[in-house]
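Naming: A, B, ... by sequence-line order, numbering from 1 per chain.
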Protein chains: 2
Amino acid sequence: MDQLMDILKRNQLSVTEGRRKILELFLKSDGALAHADVEKKIDAGFDRVTVYRTLQTFVEKGIIHNIPTTDNSILYALCKDNCEAGHHHDNHVHFICDVCDKTICLEHVAIPEVKLPKGYQQRQADLVISGVCDDCR
Amino acid sequence: MDQLMDILKRNQLSVTEGRRKILELFLKSDGALAHADVEKKIDAGFDRVTVYRTLQTFVEKGIIHNIPTTDNSILYALCKDNCEAGHHHDNHVHFICDVCDKTICLEHVAIPEVKLPKGYQQRQADLVISGVCDDCR
DNA sequence: TTATTTTTTGCAACAATATTGCATTTTCGT
DNA sequence: ACGAAAATGCAATATTGTTGCAAAAAATAA
Ligand SMILES: [Mn+2]
Ligand SMILES: [Mn+2]
Ligand SMILES: [Zn+2]
Ligand SMILES: [Zn+2]
């Protein structure tokens with residue numbers, strides 16, 4: 001069975017054209033994608049609402065994860081770690097290139113532990129680094 | 001001279017009621033504020049546009065810095081480090097409490113260095129940790 | 001396969017958030 | 001107090017995100 005179907009089935013999602021197309025887009029794209037990117041890069045004309053709902057579903061199922069940014073955009077990228085529904089455990093650094101503006105998952109760079117002040121309990125950590133990527137030097 | 005004026009003068013900003021009120025709000029508030037918070041918490045009825053422009057100005061001058069989040073909101077907090085116009089160098093961890101929903105600058109917790117893959121050049125780093133804060137345990 | 005149930009989609013309406021140009025007002029330096 | 005420069009409010013517009021509901025598609029049962 002092909003990878004795409006596999007992911008959808010494994011997560012008990014009925015396979016529809018929208019989900020196939022959007023998941024395919026993530027599979028073949030290297031960087032992270034914003035909602036707007038998904039809408040643009042998909043040839044088929046899905047409704048905006050469908051895109052919102054699909055992304056949300058994928059996040060809930062642990063198929064994609066989102067990446068915080070300081071501008072007002074949420075970015076999404078494929079989970080390559082074994083994320084389960086409702087519980088992500090991606091633990092890698094994200095890199096945003098100032099030049100090409102791509103956002104890349106650095107799968108092999110783990111977020112270091114930090115010692116928090118007394119009484120603070122950590123659940124999740126996001127480390128986003130910006131600068132110049134390898135391609136743009 | 002009082003602290004408020006001092007900050008505005010130092011950054012060559014003409015002192016207006018809007019700027020005074022908004023800066024005052026940041027000075028006396030412990031956590032970070034979203035645009036919406038600023039609008040709500042200010043008694044005087046400034047135009048939304050003025051708030052947008054003021055926040056933007058403050059960020060450019062290095063008076064406040066913004067904090068990335070995974071939901072679609074930009075948070076702002078006072079720079080306590082010596083940030084210059086156009087060049088922030090806050091280097092502290094931000095903590096978002098899942099319970100009280102406050103976002104706190106952990107001024108004394110530095111973001112650790114990470115070793116990036118060959119070719120990547122770092123300019124800035126944002127580390128946002130969420131969990132339960134000291135007050136909410 | 002066909003019929004039935006469940007889920008997903010598109011549409012429309014709405015809400016919230018953000019940006020821009022321009023006339024008026026306020027602040028600043030003289 | 002006066003003139004130049006900067007900030008503000010207003011209105012119009014754009015972008016982004018949410019919700020309810022009927023139609024369409026997919027999954028399941030027969
Ligand atoms: Mn990632
Ligand atoms: Mn901070
Ligand atoms: Zn690049
Ligand atoms: Zn708390």
Side-chain angles (χ1 to χ4, degrees), chain A residues 1-2 4-25 32-61 63-64 66-76 85 101, chain B residues 1-2 4-26 32-61 63-64 66-76 85 101 103:
Chain A
M1 185 187 295
D2 107 290
L4 220 147
M5 290 294 196
D6 189 43
I7 295 176
L8 293 177
K9 295 286 189 186
R10 184 168 58 232
N11 289 283
Q12 296 142 42
L13 290 175
S14 39
V15 17
T16 66
E17 196 191 344
R19 288 176 180 168
R20 276 197 286 105
K21 285 276 174 63
I22 292 179
L23 184 49
E24 190 182 7
L25 182 62
L33 300 169
H35 171 98
D37 297 324
V38 175
E39 274 200 69
K40 261 179 252 152
K41 297 200 178 180
I42 288 224
D43 29 324
F46 295 108
D47 195 88
R48 285 166 42 71
V49 180
T50 302
V51 176
Y52 278 113
R53 292 197 270 227
T54 303
L55 291 174
Q56 185 179 308
T57 301
F58 283 0
V59 170
E60 282 165 4
K61 290 292 185 176
I63 298 172
I64 60 180
N66 50 24
I67 302 164
T69 62
T70 43
D71 61 8
N72 236 357
S73 68
I74 308 180
L75 295 177
Y76 302 90
D101 209 48
Chain B
M1 183 185 298
D2 107 293
L4 220 147
M5 290 295 196
D6 188 45
I7 295 176
L8 292 178
K9 295 284 187 187
R10 185 168 58 233
N11 289 283
Q12 295 143 41
L13 290 176
S14 39
V15 19
T16 66
E17 195 191 345
R19 287 176 180 166
R20 276 198 286 104
K21 284 278 174 62
I22 293 179
L23 183 49
E24 190 182 9
L25 182 62
F26 276 103
L33 300 169
H35 171 97
D37 297 324
V38 176
E39 273 201 70
K40 259 177 255 156
K41 298 200 178 180
I42 288 223
D43 29 323
F46 295 108
D47 196 88
R48 285 170 53 69
V49 180
T50 303
V51 176
Y52 278 114
R53 292 196 269 226
T54 303
L55 291 175
Q56 185 180 307
T57 302
F58 283 1
V59 171
E60 282 165 4
K61 290 292 185 177
I63 299 172
I64 60 179
N66 50 24
I67 301 165
T69 63
T70 43
D71 62 6
N72 238 357
S73 69
I74 308 180
L75 295 176
Y76 302 89
D101 209 50
T103 297

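The NZ-P distance, from B:Lys9 to C:dT27, rounds to 11 Å in whole Å. Nucleotide C:dT7 holds its C1' atom 14 Å from the CG atom of A:Leu8, rounded to whole Å. As a whole-Å value, the separation of A:Lys21 NZ from C:dT8 C1' is 16 Å. Atoms CZ (A:Arg20) and P (C:dT8) sit 15 Å apart, rounded to a whole Å. The nearest whole Å value for the distance from the NE2 atom in A:His35 to the P atom in C:dA16 is 19 Å. Look at CD on A:Gln12: it is 12 Å from P on C:dT7, rounded to the nearest Å.
Contact detail for A:Leu33 and A:Val38: the closest heavy-atom pair is CB-CG2, 4.2 Å. Heavy-atom minimum distance, A:Ala32 versus A:Asp37: O-OD2, 4.5 Å. Across all their heavy atoms, B:Leu4 and B:Leu23 have their closest contact at O-CD2, 3.9 Å.
Side-chain contact between B:His35 and B:Ile74 is absent, with no heavy atoms from C-beta onward closer than 4.5 Å. At least one side-chain heavy atom of B:Pro68 sits less than 4.5 Å from a side-chain heavy atom of A:Thr70. Using a 4.5 Å heavy-atom cutoff, the side chains of B:Lys61 and B:Ile7 are not in contact. Within the 4.5 Å cutoff, the side chain of B:Asp47 has no heavy atoms near those of the B:Tyr52 side chain.
Residues A:Arg53 and A:Arg48 both approach DNA chain D. Their nearest nucleotides, taken by heavy-atom distance, put A:Arg48 toward the 5′ side. When the nearest nucleotides of DNA chain C are assigned to B:Leu13 and B:Ser73 by heavy-atom distance, the more 5′-ward of the two goes with B:Ser73. Between B:Glu17 and A:Ser14, the residue anchored nearer the 5' end of DNA chain C, judged by the nucleotide with its closest heavy atom, is A:Ser14.
Taking 4.0 Å as the cut-off between side-chain N and carboxylate O, B:Glu17 and B:Lys21 count as a salt-bridged pair.
When DNA chain D is scanned in the 5' to 3' direction for atoms under 4.0 Å from non-hydrogen atoms of chain B, the outermost contacting nucleotides are D:dA6 to D:dG17.
Comparing the helix axis at one end of the helix from C:dT1-D:dA30 to C:dT30-D:dA1 with that at the other, each defined from 5 consecutive pairs, gives an inter-axis angle of 40° (nearest 10°).
Counting only distance, with no hydrogens or angles, the side chain of B:Arg19 and the backbone of B:Thr54 share no donor-acceptor pair below 3.5 Å.
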